[in-house]
A.B. asks: 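Let me begin by handing over the structure; questions about it come next.
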Amino acid sequence: MESATLTDRERTEPPRREPAVPNCVIGTILFVGTEIMLFAGLISAHVIFMSERIGELWPPPGQPRLPFEETAINTAALMASGIVLAFGRLAYNQQPRRALLPLGMALALGMFFVGFQGVEWVGLIGEGLTLQSSTYGAFFYTIVGAHALHAVAALICLAWAWSRLWRGTLGKAHFDSVQIFWYFVVLVWPVIFFQVYQ
Amino acid sequence: MRRLKALALALAALTAFPGFASACPMCFDPSAENRMAFLVTAMVLTALPLGMVSGVGLWLRRRIRKRDRTD
């Protein structure tokens, strides 16, 4: 009797509608929005700090110069990973498994970027640039380190997406969420690069 | 009338604190570059969240309207 009542209720209920935007995409957008504000705050602090140092010797005496040219190559690798991921999304629309290669390439380029930065950091620490050595070092490691943390987190998400795609269980909404996170990591980097490394 | 007097008194009290206003780095910093840096970063940090919230809001509205049209 009870089950019959439930069925009647179910019959009278309006059909469930697809959400206009999936919850995971909304959640990722909100997260990325807060992280954009974090980086905006850090970069603003750096802009003001640098404006106070116009006309002074920069970098401070005894501190190494940041490797602009080498990091430019690394920046190109990160940008390429973003472009490859965009092609991956187009391939996913045609046939999900076709996105395996571009997604894997984006992951590899992202890993190259983080690995290259690790090597760069080892070199800079060897030359005497540390978090405590100067405000120059403190700004560098705080801003670039915060970005590297986000890059590692986004790479873990990309690897998770790739493994789900391999098993054939990656939904469009999850792909979009991971893509938004990775684009944030890719697009915030040039701002940091031209601000901190110049 | 009593409210008007209180408001006038509060406005008059504000003139007793010009020292606080002088602490504004955007208005009184001796370096022009520094003043400009404060101005630009203040504008960016004000406009960025407003722009993001309105952008996402408009995008959501468009998506919902599109879904409603197709339903």
Side-chain angles (χ1 to χ4, degrees), chain A residues 13-58 135 139 142-143 146 172-173 176-177 179-181 183-185 187-188 190-192 194-196 198, chain B residues 2-71:
Chain A
E13 271 180 6
R16 270 178 173 246
R17 301 170 80 195
E18 278 287 306
V21 180
N23 290 344
C24 61
V25 173
I26 293 274
T28 311
I29 289 171
L30 288 175
F31 171 70
V32 164
T34 58
E35 298 309 286
I36 287 173
M37 287 315 295
L38 166 77
F39 280 98
L42 288 171
I43 291 165
S44 294
H46 189 262
V47 166
I48 288 167
F49 175 76
M50 290 301 287
S51 76
E52 288 169 351
R53 304 249 152 347
I54 288 173
E56 287 181 21
L57 198 61
W58 197 259
T135 322
F139 264 117
T142 306
I143 299 175
K172 202 178 260 187
D176 287 342
S177 300
Q179 200 180 12
I180 291 166
F181 191 14
Y183 282 162
F184 158 69
V185 168
L187 295 176
V188 83
V191 182
I192 295 174
F194 287 111
Q195 181 59 40
V196 177
Q198 66 179 350
Chain B
R2 198 179 271 182
R3 275 188 188 167
L4 204 65
K5 271 184 187 171
L7 185 67
L9 204 66
L11 285 174
L14 279 178
T15 60
F17 301 103
F20 291 144
S22 299
C24 164
M26 204 154 67
C27 322
F28 295 103
D29 198 283
S31 152
E33 286 88 1
N34 209 15
R35 274 202 308 275
M36 185 51 80
F38 270 108
L39 179 69
V40 169
T41 54
M43 278 165 63
V44 167
L45 289 175
T46 308
L48 197 59
L50 294 174
M52 282 194 302
V53 169
S54 5
V56 170
L58 285 172
W59 177 70
L60 279 176
R61 187 166 155 247
R62 215 178 60 190
R63 291 289 297 246
I64 291 166
R65 281 189 169 182
K66 192 178 167 192
R67 183 196 61 180
D68 290 349
R69 271 201 305 271
T70 51
D71 276 358

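For the numbers below, each heavy atom of this structure counts, side chains included, while hydrogens, waters and symmetry mates do not. First the proteins, then the strands, lettered A, B, ... as listed; each starts at 1. Just so you know, these numbers come straight off a predicted model, no measurement behind them.
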A.B. asks: Please list, in residue-number order, every residue in residues 53-62 of chain B that has a heavy atom less than 4.5 Å from any heavy atom of chain A; write 'none' if there are none.
C.D. replies: B/V56, B/W59, B/L60
A.B. asks: Give every donor-acceptor pair under 3.5 Å between a side-chain atom in residues 18-26 of chain A and any protein atom, sequence neighbours left out.
C.D. replies:
none

A.B. asks: Among all residues two or more places apart in sequence or in another chain, which pass the side chain to side chain donor-acceptor pair (under 3.5 Å) test with B/T41?
C.D. replies: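 Checked B/T41 against side chain to side chain donor-acceptor pair (under 3.5 Å); zero matches.
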A.B. asks: If you round to the nearest 0.5 Å, how far is CE of A/M50 from OG1 of A/T135?
C.D. replies: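 Result: 11.0 Å between the selected atoms.
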A.B. asks: Parallel, tilted or perpendicular: which one describes the rings of A/F31 and A/F181, with boundaries at 30° and 60°?
C.D. replies: perpendicular
A.B. asks: Decide if atom CE of A/M37 counts as having more than 12 heavy atoms of other residues, nucleotides or ligands within a radius under 6.0 Å.
C.D. replies: yes
A.B. asks: Evaluate B/D68 against B/R65 for side-chain contact (heavy atoms from CB on, under 4.5 Å), listing each step before the verdict.
C.D. replies: CA-CA 5 Å; B/D68 290 349; B/R65 281 189 169 182; 5.6 Å; no
A.B. asks: Can you pull out the residues in residues 41-48 of chain A with any heavy atom less than 4.5 Å from chain B?
C.D. replies: A/G41, A/S44, A/V47, A/I48
A.B. asks: In Å, rounded to the nearest 0.5 Å, how long is the span from CD of B/E33 to CZ of B/R35?
C.D. replies: 9.0 Å
A.B. asks: In Å, rounded to the nearest 0.5 Å, how long is the span from OG1 of A/T34 to CZ of A/F39?
C.D. replies: 10.5 Å
A.B. asks: Can you tell me how far the CE atom of B/M52 sits from the CD1 atom of A/I29, to the nearest 0.5 Å?
C.D. replies: 11.5 Å
